[in-house]
Structures are given as structure tokens and as C-alpha cells.
Amino acid sequence: MILEALGSVLLGLALSWAALRRLADRLPAQRVVYPAGTLGALFGAYLTHTALGSGHLPATLLGATLVAAVALSLLIRPRTRRLRRSAAA
């Protein structure tokens, strides 16, 4: 259980770091992204561990990675916000 938690925290931090490197202009501040990735990974590990039981370390880490990726994807903002005016105005 300790290895699952530690591994999921490390995976969450790694995903957050990669997301900030790749999409820095579309994500909020680092102080929001790192905890979101870490907590998403911890929740994913908890959820997967609860569903599968103990003894499934690779599957638990995969579940942690997937939930962390989903949590980080919810933080991504659109590229630009264009206001289009209608021709009648």
C-alpha cells in the first residue's frame, strides 16, 4: 500500500511537470497544477486499489495515471477567446 501511494504521488508529479512543460500557456499557475495532478493520482490509486484489492501494483499505478491525466485535462483552457460580431450589429 505504501508503494502504491508513493508511486502514484511520483506519477502525479511527473504528469504535472510534463503538462506544464508542454502546455504552460494553457494551464493555470504551477501551485494549482501540481496538487491537482498529485491528488488525482492518489485518488486514482485509491479507487483502483479498492476495486481490485491488494497485489495489483501495475494496475493500481495505471489507474492512478489515468485519473491524474483526467484531472489535469480539466485544467486546460482554450487557446484563444475570440469575440465574433454578427453582421447585423
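Worth knowing before you read on, the calculation uses all heavy atoms, side chains too, and leaves out hydrogens, waters and symmetry mates. Quick caveat: nothing in here was measured; it's all calculated off a predicted structure.
- If you chain together hydrophobic residues whose side chains sit under 4.5 Å apart, Leu15 and Val32 fall into the same group.
- One hydrophobic cluster, built from ILVMFWY side chains closer than 4.5 Å, holds both Ile76 and Trp17.
- Pairing each heavy atom of Ala64 with each of Ala41, the nearest pair is CB-O, 3.3 Å.
- Within a 6.0 Å sphere centred on OH of Tyr46, heavy atoms belonging to other residues, nucleotides or ligands number 12 at most.
- For the atom pair CG of Leu23 and CZ of Arg77, the computed distance is 11.0 Å after rounding to the nearest 0.5 Å.
- In this structure, Leu66 and Val70 have side chains that are not in contact, with every pair of non-hydrogen atoms separated by 4.5 Å or more.
- A pairwise comparison of heavy atoms in Leu61 and Glu4 identifies CD2-O, 3.9 Å as the closest pair.
- Under the 4.5 Å side-chain criterion, counting only non-hydrogen atoms from C-beta, Leu62 is not in contact with Thr48.
- Here the shortest heavy-atom pairing between Ser8 and Leu42 reads OG-CD2, 3.5 Å.
- In plain terms, the two heavy atoms of Gln30 and Pro35 that are nearest each other are O-CD, 4.0 Å.
- In the hydrophobic cluster analysis, where Ile, Leu, Val, Met, Phe, Trp and Tyr join through side-chain heavy atoms closer than 4.5 angstrom, Leu11 is grouped apart from Val33.
- Atom CG of Leu72 and atom OG1 of Thr38 lie 8.5 Å apart (nearest 0.5 Å).
- Looking only at side-chain heavy atoms (C-beta outward), Leu75 and Pro28 come within less than 4.5 Å of each other.
- Between Leu39 and Phe43 there is no side-chain heavy-atom pair separated by less than 4.5 Å.
- Across all their heavy atoms, Gly40 and Ala71 have their closest contact at CA-CB, 4.3 Å.
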